[in-house]
Structure formats: structure tokens, C-alpha cells
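Some notes on the structure that comes next.
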Amino acid sequence: MTIIKRIALAALLVAPTFSIKAQIIVAAESKQNALVLQVTPKKELNTLYFGAKLGNAGDYSNIAKQYRYISSTGEADQAYSTAGNINILEPAIAVTHADGNRSLALKYVDHKTKQVSDGVTLVSILLRDSVYNFDVTLNYQTYFNENVTEQWTIIKHREKREVVLNKYASANLYLQNNGYWLTHFNGEWAQEMHPEEEKLSHGIKTLDSKLGTRADLFQPPVFMVALNKPATEDEGQVLYGNLEWSGNFKIDFEVDPNNNLRLIAGINNHAADYTLKPNKEFVTPKFVYTLTDKGKGEASRNLHRWARKYKVVDGMGPRLTLLNNWEATYFDFNEPKLTELIKATKNLGVDLFLLDDGWFGNKYPRNGDKSGLGDWDVTKTKLPNGIAYLTKTAEETGVKFGIWIEPEMVNPKSELYEKHPDWVVKQPARPEYYMRNQLVLDLTNPKVQDFVFNIVDDLFTKNPKLAYIKWDCNSVIFNANSATIAHQGNFYTDYVFGLYKVLDRVRAKYPKVPIMLCSGGGGRVDYGALKYFTEYWPSDNTDPLERVFIQWEYSYFYPSLTSSNHVTDWGKQPIKFRTDVAMMGKLGFDIVVSKLEANELAFAQGAIKLYNQFSEAIWHGDQYRLQDPWKNDVASVMYVEPNQSKAIMFNYHVSNRYRSASIRPIALKGLQADKMYAVKEINLMPGQRSSMPGGTYSGKFLMTIGINPVVSDGGRASVVVSIEEAK
Ligand code: GLA
């Protein structure tokens, strides 16, 4: 017998045999999935199973005996793994007790199940350290119909003095599959959401951010893991996850010696040892995930349905189409110019005019990005009659009015900086370092929280007709340090809690007003933030060809009504292509309307009317990604109304290759097989005739054979198709 075999046999002999006496807890059970935990006779809480729901609840007690792990540690499956005790893999939690001891061994105390609302169940499991007066409550909130779970942790102690949390993850999953394929995303300014897929090997792969604010600039906290084999749009088991946190995050994927995946997601503990007072609860952000065995498409639709119903502000409601002046004027505007743009808003036929950056600052007017940020008083020389005049003009013109702010930031060249240097995040003894000539305000400071809240509140109080806000955040945090907090280790975490406190106050007073989440593009897109926002700005890159790809990637995780897509002058494509792409989400424009040719204006006006007719499918319907732009000459996406009677399909030519075109039909999805549908090309340029074979087809035909949108280069690079139940 070889040494290895002898060790293996020994390990088998000492393998725990507690499964008969173990207490089983189904922590999270949705329509399709179950996360099952067990309490061992030693009161440890372990993960027994995570996957498709089994037929009988009794089946779960039969699982453990089917696995014959050979391991030097039996603790890889802790439901919330601790440091300093018998777990010797990556921990979910690590602490330094008041007496300096660094061990933690959590034992099950009890658990309770609460029906939060129809279809929403919360299981809370209380764990307690066997030596220290230290509690951890694991929370599992399941959205039954959407197959979505949110997991978070509450940490509390009653030790004599402060305890330091060295790591404090939200969730710790344990998956027992034959291989894991991780898809994650990288980016930079104007290059958001570049996907990368890799097979996870042994060791730890970490996705993280240390940027503080604008935390997703290089990497967002979303990912997917395909189990057993890579997943496709319609096939394969796949887990989607997102840490609901708008700051530094850390998501570890550790493939252990038994080829199991330990997934630990939470706030990044980098430079963030958190000092916690006795009796004070530390509530981690939520980690949301969905698991499906029907591929990436269904995983997306699970998250979309959940986000619309439970997370995003007014997710079941409408959205406002708009005209933005950023790329039309940049900082160079005045009252007459804006009055013209407000009129252009009406002429175009959108709902709202959005005034972007450059309207504030007097001692240091905001005529560029070097000054004025922080001084939120209207620039008198530019706008002598204030914002009130503009909202009145908008009202008289028959459109709504919205405004840009970037309330968390400050230019050193500002009155705010002169008055409150201690409100600024910086290292007092070191040179300042800027991103876009600005610094971040210290939101851990309650006075700064009041200041930021008041910016929003004053705008609404003084301008009750204000209908929309674009909330920007253009800088990361350099030289992290607060002038006022006692423990600098709390800084990064308390910054985000401070931000959420402000946003909670904003939403308590203005529950539904649309607010766009922007961060120099998509630097802050996560479900922690989207709880407060109606929509996000995916990227400053509005080149429509780029946007086909960028919006495609975001659509894996976020519903289209949250994606603000503006028609701009970026890119070489004609107005039709640009508008078609922007229609796949929340439509807006950022162009000089007066410079449009007559037929372009007529097209845009018609497109907005059409968009309004199909908005139910685009905003609240099911999205199907039909043809991947990375793999095909033609990209294709469709949206189907919930009652399956009306759908819209968007197709784009995304290749430069000779004769690249849609030579085959594209099979549709999400229709009813036995219904008849009238199919026709819509959103044509004035005078353009369709060469697409429209007609009436059965749902079965459309989903089996499909239709050819006849996409090629030139005039047919972008084709929109309506599919409506034939009456
Ligand atoms: C950021 C945003 C842009 C615009 C500018 C204004 O870059 O992403 O959309 O609002 O700020 O300065």
C-alpha cells in the first residue's frame, strides 16, 4: 500500500459519520433550487447541498453518504467558515477579540423562518462562539418564484471592549460539482464589461476592488459560474452573483483539494480592519444570486424579474425618455441656449430635458472640470434667473426638467474646499493626488452626509417641479483617510454606509423620483446602489457598435429598463443604427437636434413614438439574447411582453468581413407556439422600404425556423422587427 493510499484510507476511517443524527435545515428553497445546511452533533453548521431541489425533503439526509472525500480537513464545508480554529482554508470571517485572541468557532444556537411577504421567505440562523460572547446571524432570503436568494450576515458581540473584524464576508457558498467555469468582467473608462471566461483551477481566484468610490472602474462585482461544463444561452447549470455593495468588494473562488468550490463574497477586507463596539450590530451587504439549469438566458431573466419587482426603484413603473445637453454643449451654455434645447426636447418628442454638468459655482465657476465642484449655487453669469426659470420654461414648453449633480466630490479650486478642508479624503502630510482634478468628500462624517443630502433636498425644495436627477461620481479614492473617524480601518466601509444613509434619506423624502446612477460611465453599477436608483449609465462610450457589446454584457445581470442608452454623435453609424441601439433600454438623446437633417429628425420623432408603443416589452418583458455579437456577423436581441402577445427584435451588423450578413433565419424565443404572429420590419428611415420577408407565422414556426431580418452592411446594418399577435 502506498503512503498516499494509507493516508487516504485513514482519512476515510475518521470521516465524520454524523449524518444520521445531524439536524437538517433547508436555508433557502425556491421553486427550483435548495440550499441545505446541517447541524452536526458538535453543533457545527455545514453546507450539505446546493443545487436543484430534490423530490422529497427526506432525500437531503441521503446526500452526505454518497461522498467519500479524502481530505486532511473535514471543515471545508462550513456554512460560514471561521479563522483561527479548525478551518484551514480561506475564511469568511476573521476577528481579533477584545483580549487580542484571534480564534473563532461558531456553534449553532437556533434558527427561525419568517414569511416576509408573498413568495419571500427569510431564514435566520444564530451562531455563537463557544468561548467568546460573539454572535453571527446568517440570513437567507429567498424569492421563491424568481429563484433568487439574498444572503447576508449580522455580527454582534458583548465583549468588554471593541473587537476588530479582520474579515466579514456576506456569504460563503459551497458547491460540489465536476468543474467550474467562471465568467468575470474587466474594463476601464469607456471600456466597461469586457467578459473573460476561464476554468477555475485549484487555489483561489479573486475578483475585487480597492478603488473606494467608482469601485467598478476596473472590475464590477458581478460574475457567473457555469457548473460541470460551460453554459450556453439555453443550456447548462449556471450561478449568477452580485455583491450588493457600492465600494470595495472581494469575491473569492477557492477550488479545494476535493474539487469543491468555496465561494466567499463580501466587503473587501483590504485596509479595512473594522473596529466594532460591544452590542452594536454590523450588518454586511447582501450577496444576491440565482441558480438555474437552463442556461444563461434564464439566469438573466430570473435576476431581471427579481430586480424589477423587489430591488430597483420603481422597477414595475415607467421611465422618462430625455434629451441631455452634455455632448451638445459640454460646459458652454447659457439661458438662451438652454431655452432652445428645452424647445428642441419638445420638438423631438421626448419627456424630459436633462441639464448636465456646468450650471454651478460663482467664485470658481464650473466652466470646465478644474473648478467649482462642491459649490452648488447656480452660476449667475450663465443662468441669471436660476434653475427655477428653467423648470418653468420646461413646464411651459410641455416637458419635464432634470439636473446633473456630483455631490460626493470637490475640486480643490472651490469655496467648499477652502471652507472645509477637513471634509476631504486625503492624507494630511502627503501631496494630494487627483482623478479628473477632484477629490472625494468624507462621507463617514455626519456633517458631510448632511451636506450631500441638503444638495438634493435644496434642489427639490427650491424647484418642486424638478423631475429627474443624474447623480455622478467621477473619482476613485486615493490617499484614503478621514480627518474625523477614530479607526481608519473603518473608513472604506463606513464611506459606503455613509453614502447609503444619505440615499436612504433621499428616498424617504422622494421615494419615486427618477435618479440615474452614473460614475464616469459604469463605475458604480451594483444592486446595492440600484436599490436607490431607477437607472444606471452603462458607459460614456456611446458609439452604437460598442454599445451593442456593452449593453449585451450588462443585460446578463440588469433589466433593460435600468440601462440608460443615449443617442449621441459617437461612432460612424447613421441615426437609425444609433437610435435602434439606444431603444434597447431607457431611451435618451444627447445630440444637437437643430443640426439633424429633416429626414433624420422625422425618423427620430417616429422612433420615439414607436419606442413608446413597445416600451412594455422592453421595460417589463422578458429579454432573449438571440445571437451573440462576439460570435456572429449579426447580433440579435428580443423583448417579449409578459402576456406573449407583442415582441420587438433588434438586429445589428457587427462585422467588417466581406459578405458578412444574416444568411440564415434567426429563431425567436419566448412566444406561444400555437399563436399566430404578424411579423414586420419597423423603424425604417423615411422613404426606406423593407426587404425583409414579413408576414404572418405561427409561434412554433418563429421559434423553430425563425425569420431572416435581412441584415447586411450599409442601409441594412440595423433592422428592427415587430412581432404582434395576429387577431
Ligand atoms: C461624467 C459622466 C458624463 C457627464 C460628465 C460631466 O463623465 O459620465 O455623462 O455627465 O461626467 O462632467
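Note that ligands are numbered from 1 as they come in the structure, with each ligand's atoms numbered from 1 the same way. Just so you know, these numbers use all the heavy atoms, side chains as well, and skip hydrogens, waters and symmetry mates.
Between K392 and E395 there is no salt bridge, since no side-chain N of the basic residue sits under 4.0 Å from a carboxylate O of the acidic one. Checked for salt-bridge contact, K363 and E415 miss the test: no charged N lies under 4.0 Å from a carboxylate O.
Annotation: W306 is not in aromatic contact with Y289 [ring centroid separation under 6.0 Å not met]. Taking the six-membered ring wherever Trp is involved, the centroid distance between the rings of W537 and W471 does not fall below 6.0 Å. Aromatic rings from W359 and F331 are positioned such that their centres are separated by 6.0 Å or more.
Of all atoms in ligand 1, numbered sequentially from 1 with element shown, those under 4.0 Å from a heavy atom of N474 are 1 (C), 7 (O), 11 (O). Within ligand 1, counting atoms from 1 as listed, the ones closer than 4.0 Å to a heavy atom of W326 are 3 (C), 4 (C), 5 (C), 6 (C), 12 (O). Residue G521 has at least one heavy-atom neighbour below 4.0 Å for each of these atoms of ligand 1: 8 (O). Numbered from 1 in the order shown, with element, the atoms of ligand 1 that lie under 4.0 Å from a heavy atom of C518 read 2 (C), 8 (O). Every atom of ligand 1 with a heavy atom of W537 under 4.0 Å away is listed here by number and element: 8 (O), 9 (O).
The residue E406 has no part lying near ligand 1, judged by heavy-atom distances below 4.0 Å. Of all the heavy atoms of R436, the ones lying under 4.0 Å from any atom of ligand 1 belong exclusively to the side chain. For D369, no heavy-atom contact with ligand 1 is shorter than 4.0 Å.
Considering backbone and side-chain N/O atoms, W404 comes within less than 3.5 Å of an N/O atom of ligand 1. Checking only distances, K470 does come within under 3.5 Å of ligand 1, N or O to N or O. For ligand 1, the polar-atom distance check against D472 finds a nitrogen or oxygen pair separated by under 3.5 Å.
The nearest protein atom to atom 7 (O) of ligand 1, hydrogens excluded, is given as D540 OD2, 3.0 Å; this is a heavy-atom distance. Shortest contact from atom 10 (O) of ligand 1 to any protein heavy atom: D356 OD1, 2.7 Å.
Between H420 and W423, the ring planes are parallel. Angles under 30° get that label, and only those over 60° would be called perpendicular. Taking the six-membered ring where tryptophan is involved, the planes of F185 and F557 are perpendicular, since the angle between them exceeds 60° and thus also 30°.
When T568, L373, D357 are ranked by how near their heavy atoms come to atom 6 (C) of ligand 1, first place goes to D357.
Side-chain atoms of T329 come within 3.5 Å of backbone N or O of N325 as a donor-acceptor pair.
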Verify side chain to side chain contact (heavy atoms under 4.5 Å, CB included) between V425 and L439, making sure each step is shown before the conclusion. CA-CA 7 Å; V425 176; L439 290 164; over 6 Å; no
